[in-house]
Participant: 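If you scroll down you'll find the structure; I have some questions about it.
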Protein chains: 2
Amino acid sequence: MARINENFLKLPGSYLFSEVAKRRKAYAKEHPEADLISLGIGDVTLPLTPTAVSALHKGADEMSRKETFKGYGPEQGYAFLRSDIARVDFGYRGVRIEPDEIFISDGSKSDTGNIGDIFSPDNIVAVCDPVYPVYIDTNAMAGRAGNYDHETGKWDRLVYASGTPDNDFVPDVPELYGDDAPDMIYLCFPNNPTGTVATRRQLKKWVDYALENEAVILFDAAYEAYITDQEIPHSIYEIPGATECAIEFRSFSKNAGFTGLRCSYTVIPKALEVGGVSLNSLWNRRHNTKFNGTPYIVQLAADSVYTPDGAAQTQALVDHYLENAGIIRAGLEEAGYSVWGGVNSPYVWLRTIDGMSSWEFFDYLLKELNIVGTPGSGFGPSGAGYFRLTGFGSRENTLRAVERIKKGKLV
Amino acid sequence: MARINENFLKLPGSYLFSEVAKRRKAYAKEHPEADLISLGIGDVTLPLTPTAVSALHKGADEMSRKETFKGYGPEQGYAFLRSDIARVDFGYRGVRIEPDEIFISDGSKSDTGNIGDIFSPDNIVAVCDPVYPVYIDTNAMAGRAGNYDHETGKWDRLVYASGTPDNDFVPDVPELYGDDAPDMIYLCFPNNPTGTVATRRQLKKWVDYALENEAVILFDAAYEAYITDQEIPHSIYEIPGATECAIEFRSFSKNAGFTGLRCSYTVIPKALEVGGVSLNSLWNRRHNTKFNGTPYIVQLAADSVYTPDGAAQTQALVDHYLENAGIIRAGLEEAGYSVWGGVNSPYVWLRTIDGMSSWEFFDYLLKELNIVGTPGSGFGPSGAGYFRLTGFGSRENTLRAVERIKKGKLV
């Protein structure tokens, strides 16, 4: 008699964004005249760059002729893309990463989820709180999270590193050492949802902690392109020792706007060993066995980011969203809100007013100002009483939403 | 201290196709003048159809304009593709599958590998032997296969249903019932590597067995487009009761030539429950959490298969490979070989001659006839003494290779 993976049944039901969509839809149905502005999504809205589009057309043409047709590619990705990534994304920052330490994939969501395959289900997992829900949910599915406590909103086998105003939402290492220390540590900087970034000194503390406790850091750098501050590291590998304790996830979604095109990559340095076993070789085996490569034409488009034109066009996309985030941040501050992020990040994190809960504030924004955002509590217990807005909307809507917030009414 | 998933270390080292590539490369280096013909690969060689290429161009254009740009799509796939699949691939055959029972993905290798996530690691797995190695390797990674015995070439926790000349390489249900019966049963028809197909009666026996033992059938139908015999089912769901016990995997790789474009789908009927839990809802949760959708432009290209022009062009690709397989089969028979497959399948399966092992026959073909094929033993212990050739080469090379085999020498 077949049995299911019972861990799936432990996952709490309703998912953040579906609840957001439900409330929005209900309101729009009752108020068909309402001019709703969404600053809630983490999805890009500007089209692909001309260089990426040209690459797609070129790739489609190649696929149409026998001489240039591409069937199965290397599971790990084409050499042209892996070598450009190594040269530009790491080499230009003084970090030495070899092409065979890079695995091209179809998304950071897939990779941050699937990476658990190569780890023991017994490992203790640490996450920052609030956090991108995928880290927790995928570990819950694998049985590493234990049981969910509906009272506290926490899993009883996870270690939570809380982000609070006191640490400016950049959590410190947990005060556990030796046998009690976490084995797998998920970090995401620039952070989703708080928009905060970690300094070199802060990241070094995590790296040192991981090395000391023989833990592995799973570093999600999907938003690194938004870093403008010269002092903030883009890669965990800018920290000495990180190649021996960290896996890094990168994506083309939020810089080149590939959320609908799907390309990402994962870096596993060959220096990274666990119990004497190379994680690079384990992931390589996983990739070969459970993945058949990212579409050739998508890899061509991703590679266009590394041309001079492509780089400039991609930067223009990032700048646009960054400016939106800056406008939101400035407007919120002017309106008296406590705000984090919005600099070096497309995300703006704010404290609700009048002691409202995250969902009360959601309803306030929706019903009073016709703005859709994302309740902070959806990202974990430490997000309660906070709220996320994003710079991914259009400039016009961003400006109009900020006017409404500043005036505290529809304008 | 982090620990790895120790199951990875149990996987036997060298992989079939890398060993094939190694021997081929070594021979080519020693004999640079050799005119090697490959009939070994399972990869297509003809370009994409004009309708698929047009769809890619159209999609690229849409992605270039703000008004038509697509960001994150539904993780499960766009409604246009899911409904066309339901209507054509199933509806036209009298099978009722709803669009929300279909999950678009990036490949059957991913899906047949990842599907294990929703099952308990305790389940007993049955595989046919010989078999596509991914079913075994992914279950070994999840701990369901037990330990590998290098002597027998078998895993000690797997149930093997052997394909032999006696059953025409269509294995019968294992003689185990009740508590001893397998919980998850991988079937692949038309079969890779043997090219054999299962009749309605044979499939019904498997379905009845699964229903009786509350097992789940994982039915890989990646090659269904090659079925020309009207009596052979294309889908497991043509068998009564299968919607209550079977998951089906389909792919655009081998019909529309998408091996480098990546699109597939998995069907999980809502009637399929395990222990009262819907597998459709578990997989939906898995898909939402660990996958972010197949590229929009790739889904557009896949959907072009369901237009009249696209269907005709896709059929022409299949016919070409089928004719190649027929040519290989006829030539082998003329040369006195025992042959299976090559009808309703791009694969031709043959018994080696003169008592050669699969690898001895590989070396014979490589060195004497300059033909590259695939040793049957690479697909499991029951493949020992057998060999796989494929119809995916060019017509010219196929004809030349067959001449060499018939003459038993280079011609």
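Since the structure is predicted, the reported quantities are computational estimates derived from the model, not experimental observations. Just so we're on the same page: letters track the sequence lines, and every chain starts at 1.
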Participant: Could you report the tightest heavy-atom contact between A/Arg3 and B/Asp122, atom names first, then the distance?
Facilitator: NH1-CB, 3.5 Å

Participant: Please determine whether a side-chain nitrogen of the Lys or Arg among B/Asp106 and A/Arg262 lies less than 4.0 Å from a carboxylate oxygen of the Asp or Glu.
Facilitator: no

Participant: Under a 4.5 Å heavy-atom cutoff, which of B/Ser64, B/Gly42, B/Gly143, B/Gly107 has the most pairs with chain A?
Facilitator: B/Ser64

Participant: Drop me the distance from A/Ser108's OG to B/Asn292's CG, to the nearest 0.5 angstrom.
Facilitator: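 Going from the OG atom of A/Ser108 to the CG atom of B/Asn292 covers 9.5 Å.
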
Participant: Checking heavy atoms, do the side chain of B/Glu273, its backbone, both or neither come under 4.5 Å from chain A?
Facilitator: neither

Participant: Among B/Ile4, B/Val134, B/Asp117, which residue forms the greatest number of heavy-atom pairs with chain A at distances under 4.5 Å?
Facilitator: B/Ile4

Participant: Between B/Lys66 and A/Thr45, which heavy-atom pair has the shortest distance, and what is it?
Facilitator: CG-O, 4.0 Å

Participant: Between B/Arg285 and A/Asp137, does a salt bridge (charged side-chain N to carboxylate O under 4.0 Å, His left out) hold up when you go through it step by step?
Facilitator: CA-CA 10 Å; B/Arg285 185 68 202 245; A/Asp137 289 357; 3.1 Å; yes

Participant: Could you look at B/Val277 and say if it's the side chain, the backbone, both or neither that has a heavy atom under 4.5 Å from chain A?
Facilitator: side chain

Participant: For chain B, which of A/Thr294, A/Thr68, A/Asp61, A/Thr289 has the most heavy-atom pairs under 4.5 Å?
Facilitator: A/Thr289

Participant: Is it the side chain or the backbone of B/Asn7 that comes within 4.5 Å of chain A heavy atoms, both, or neither?
Facilitator: neither

Participant: Do B/Phe8 and A/Leu282 touch side chain to side chain, with heavy atoms closer than 4.5 Å?
Facilitator: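 Contact flag for B/Phe8/A/Leu282 side chains = yes.
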
Participant: With respect to chain B, which residue among A/Arg65, A/Glu62, A/Glu6, A/Glu67 yields the maximal number of heavy-atom pairs within a distance under 4.5 Å?
Facilitator: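 Max contact count across the listed options: A/Arg65.
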
Participant: Under a 4.5 Å heavy-atom cut-off, does chain A meet the side chain of B/Met141, its backbone, both or neither?
Facilitator: side chain

Participant: B/Val44 versus A/Tyr72: any side-chain heavy-atom pair under 4.5 Å?
Facilitator: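 With C-beta onward as the side chain, the pair stays apart.
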
Participant: Considering all heavy atoms of both residues, which atom of B/Lys290 and which atom of A/Gly113 are nearest to each other, and what is their separation?
Facilitator: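 The pair with the smallest heavy-atom distance is CE-O, 3.4 Å.
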
Participant: Looking only at heavy atoms, what is the nearest atom pair of A/Met63 and B/Leu261, with distance?
Facilitator: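 So the two residues come closest at CE-N, 4.4 Å.
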
Participant: So, does A/Lys109 use its side chain to make a donor-acceptor pair with the main chain of B/Phe291 at under 3.5 Å?
Facilitator: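 A pair under 3.5 Å: yes.
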
Participant: Can you say whether B/Lys70 sits under 4.5 Å from chain A via the side chain, the backbone, both, or neither, judging by heavy atoms?
Facilitator: backbone

Participant: For the candidates B/Ser110, B/Gly59, B/Ala55, which exhibits the highest count of non-hydrogen atom pairs separated by less than 4.5 Å from chain A?
Facilitator: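 If we count pairs closer than 4.5 Å to chain A, B/Ser110 comes out on top.
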
Participant: Just by distance, do the side chain of B/Asn5 and the backbone of A/Ser120 share a donor-acceptor pair under 3.5 Å?
Facilitator: no

Participant: Quick check for you: to the nearest 0.5 Å, what is the distance between B/Met1 atom CE and A/Ile124 atom CD1?
Facilitator: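 Interatomic distance, B/Met1 CE to A/Ile124 CD1, rounded to 0.5 Å: 13.0 Å.
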
Participant: Rounded at 0.5 Å granularity, tell me how far CD1 in A/Ile297 sits from CG in B/Leu48.
Facilitator: 8.0 Å

Participant: Which atoms of A/Leu279 come close to chain B, meaning under 4.5 Å heavy atom to heavy atom: side chain ones, backbone ones, both, or neither?
Facilitator: side chain

Participant: Counting heavy-atom pairs under 4.5 Å to chain A, which of B/Leu56, B/Val53, B/Asp43 comes out on top?
Facilitator: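 Greatest number of close heavy-atom pairs with chain A: B/Asp43.
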
Participant: Considering only heavy atoms, which portion of A/Val274 lies under 4.5 Å from any heavy atom of chain B: side chain, backbone, both, or neither?
Facilitator: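 Both the backbone and the side chain of A/Val274 come within 4.5 Å of chain B.
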
Participant: I need the residue from B/Val298, B/Thr112, B/Asp111, B/Leu11 with the largest number of non-hydrogen atom pairs under 4.5 Å to chain A.
Facilitator: B/Leu11

Participant: Which of the residues A/Ile41, A/Asp183, A/Asn288 is involved in the greatest number of heavy-atom pairs with chain B at under 4.5 angstrom?
Facilitator: A/Asp183

Participant: Among A/Gly293, A/Gly275, A/Cys263, who wins on heavy-atom pairs under 4.5 Å with chain B?
Facilitator: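 Most heavy-atom pairs within the cutoff with chain B belong to A/Gly293.
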
Participant: If I compare all heavy atoms of B/Val216 with all of A/Ala2, which pair ends up nearest, and what's the gap?
Facilitator: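 Taking every non-hydrogen atom into account, CG2-CB, 4.0 Å.
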
